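Read through the structure below, which is laid out as structure tokens, and then see the notes.
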Amino acid sequence: MATSSSLSFFSSTIFFSNSNTLHSSKQQHQKQLIFKPKQQQFSIRSEAAVAAATIPILSFDGTEVGSTTLNLKSAPLDTARAVVHRGLTTDLRNQRRGTASTLTRAQVRGGGIKPYPQKKTGRARRGSNRTPLRPGGGVVFGPKPKDWSVKINKKEKRLAISTALSSATQNAIVVEEFDDKFEKPKTKEFIDLMRRWGLDPKEKSLFLMTEVSDNVILSSRNISTLKMLTPRTLNLFDILDSEKLVFTKSAVEFLNERYGNDDDDWEVVDEEEEDGGEVEESAESSE
């Protein structure tokens with residue numbers, strides 16, 4: 001397998017333009033500080049030569065019982081960072097509700113009468129108590145309800161997720177189905193299971209399962225560093241924010257089928273999604 005190179009979003013040439021003008025080292029350092037985020041930096045390791053990755057399969061006891069192949073479609077090295085960044089920013093923008101709203105001086109109740117005469121008081125002239133200069137007055141240039149959502153193509157979003165998954169295969173493991181292993185909710189048993197698989201409960205980890213039983217959900221929900229996702233809730237932010245990825249066998253089959261390296265499969269998925277939308281619309285119209 002080809003050696004993967006680590007690329008960071010915020011050290012990319014996408015954010016820092018390579019102009020021919022001469023700048024001092026102090027100005028360049030200040031520009032980098034402006035764009036450097038305070039939160040954890042996400043990294044994308046894109047493999048240009050080999051897209052498939054071999055991942056070991058671990059049993060419930062933690063022993064290796066085999067291996068499987070995760071063959072996902074990945075964006076080229078020169079565009080991988082941009083595709084994933086666009087998918088991430090789109091998801092974050094679409095999560096904003098945009099309901100923040102303030103009142104201007106015309107919308108605040110009261111203030112219709114002049115508080116005191118214009119002259120002969122020795123005070124500054126004032127026409128209303130609801131001026132933005134006084135407490136209880138209106139807000140100047142305050143936020144108003146706004147739609148922050150942006151559109152992204154289905155194939156572009158799917159390519160961003162598959163690129164992020166394929167870049168994190170070095171920190172991924174595949175486990176056997178363990179839904180029926182928990183007879184009752186027990187967080188301590190789930191932590192012991194994570195340690196048998198070589199996972200640190202203090203590190204952020206993501207579990208992707210096609211079906212999650214109630215006992216597994218109750219056993220893992222008190223672990224703040226763990227994300228239990230299904231194909232329906234799989235998202236780009238949690239993939240990039242996790243240090244370890246854990247897939248079940250059925251989840252690997254889903255990923256290879258959904259985000260596989262075959263372009264024909266992507267066409268079939270798009271047709272199924274369109275057909276499903278038409279069926280839903282026809283059902284709503286019939287009602």
Side-chain angles (χ1 to χ4, degrees), residues 1-18 32 34-53 55 69-96 148-174 203-208 225 227 229-247 251-252 254-263 265-267 269-270 273:
M1 179 180 293
T3 305
S4 60
S5 58
S6 178
L7 304 175
S8 175
F9 277 155
F10 304 101
S11 62
S12 169
T13 55
I14 298 174
F15 301 98
F16 305 104
S17 59
N18 296 328
Q32 291 181 358
I34 293 174
F35 288 96
K36 184 176 180 182
K38 295 181 180 180
Q39 65 271 19
Q40 176 185 358
Q41 293 186 2
F42 302 127
S43 61
I44 288 295
R45 298 173 295 278
S46 180
E47 297 182 357
V50 182
I55 305 177
T69 302
L70 189 63
N71 188 9
L72 304 179
K73 186 174 183 179
S74 180
L77 181 62
D78 54 343
T79 60
R81 184 186 296 108
V83 170
V84 177
H85 177 265
R86 174 170 165 77
L88 178 62
T89 54
T90 300
D91 288 345
L92 295 179
R93 281 178 63 95
N94 292 340
Q95 290 178 7
R96 299 189 65 172
W148 291 92
S149 62
V150 293
K151 180 184 176 299
I152 186 172
N153 296 331
K154 294 180 182 178
K155 289 186 178 181
E156 187 178 3
K157 183 176 181 180
R158 195 153 61 245
L159 181 61
I161 294 178
S162 62
T163 302
L165 287 172
S166 61
S167 69
T169 53
Q170 293 181 348
N171 299 325
I173 59 173
V174 179
E203 294 182 352
K204 294 183 179 180
S205 57
L206 182 147
F207 280 67
L208 180 60
T225 57
K227 286 284 186 178
L229 302 181
T230 61
R232 185 179 181 86
T233 59
L234 182 63
N235 62 90
L236 192 58
F237 182 87
D238 288 334
I239 295 173
L240 299 175
D241 192 39
S242 302
E243 301 179 26
K244 297 291 184 180
L245 301 181
V246 181
F247 307 131
V252 172
F254 164 78
L255 292 176
N256 288 330
E257 181 181 357
R258 173 74 174 178
Y259 305 99
N261 205 13
D262 191 359
D263 294 335
D265 294 341
W266 288 48
E267 297 292 342
V269 171
D270 290 336
E273 290 179 353

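Keep in mind it's a predicted model, so treat the numbers as computed, not measured.
With hydrogens and angles ignored, the 3.5 Å screen pairs a side-chain donor or acceptor of Asn256 with a backbone N or O of Thr69. A donor-acceptor pair under 3.5 Å links the side-chain atoms of Asn94 to the main chain of Thr90, judged by distance alone. With hydrogens and angles disregarded, a donor-acceptor distance shorter than 3.5 Å links the side chain of Arg93 to the backbone of Trp148. At least one donor-acceptor pair closer than 3.5 Å links the side chain of Asn235 to the backbone N or O of Asp238.
A pairwise comparison of heavy atoms in Leu236 and Gly87 identifies CD2-C, 3.6 Å as the closest pair. What you find for Leu159 and Ala75 is that their closest heavy atoms are CD1-N, 3.9 Å. Across all non-hydrogen atoms, the minimal contact from Lys73 to Ser162 is O-OG, 2.6 Å. For the pair Leu88 and Leu240, the tightest heavy-atom approach, listed with the atom from each and the gap, is CD2-CD1, 4.1 Å. Residues Val83 and Ala160 approach most closely at O-CB, 3.7 Å, considering heavy atoms. When all heavy atoms of Ala164 and Ile239 are compared, the pair lying nearest together is CB-CG2, 3.9 Å.
Here Leu229 contributes atom CG and Phe207 contributes atom CZ; the two are 11.0 Å apart, rounded to the nearest 0.5 Å. Here OG1 of Thr169 is found 8.5 Å from CG of Leu72. Values are rounded to the nearest 0.5 Å. Leu234 contributes atom CG, which lies 5.0 Å from atom OH of Tyr259 (distance to the nearest 0.5 angstrom). Atom NZ of Lys154 sits about 13.0 Å away from atom CD1 of Ile152, to the nearest 0.5 Å. Atom CD in Glu243 sits 9.0 Å away from atom OG in Ser205 (nearest 0.5 Å). Note that CG of Leu255 is 11.5 Å distant from CG of Asn71, once rounded to the nearest 0.5 Å.
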Pair Arg158, Arg258 - check side chain to side chain contact (heavy atoms under 4.5 Å, CB included), show working. CA-CA 9 Å; Arg158 195 153 61 245; Arg258 173 74 174 178; 3.7 Å; yes
Full working for side chain to side chain contact (heavy atoms under 4.5 Å, CB included) between Ile173 and Phe247: CA-CA 6 Å; Ile173 59 173; Phe247 307 131; over 6 Å; no
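Taking a cutoff of 4.0 Å between a charged side-chain nitrogen and a carboxylate oxygen, Lys244 and Glu203 do not qualify as a salt bridge.
Within the 4.5 Å cutoff, the side chain of Phe254 has no heavy atoms near those of the Thr230 side chain. Side-chain contact between Asn153 and Lys157 is absent, with no heavy-atom pair separated by less than 4.5 Å.
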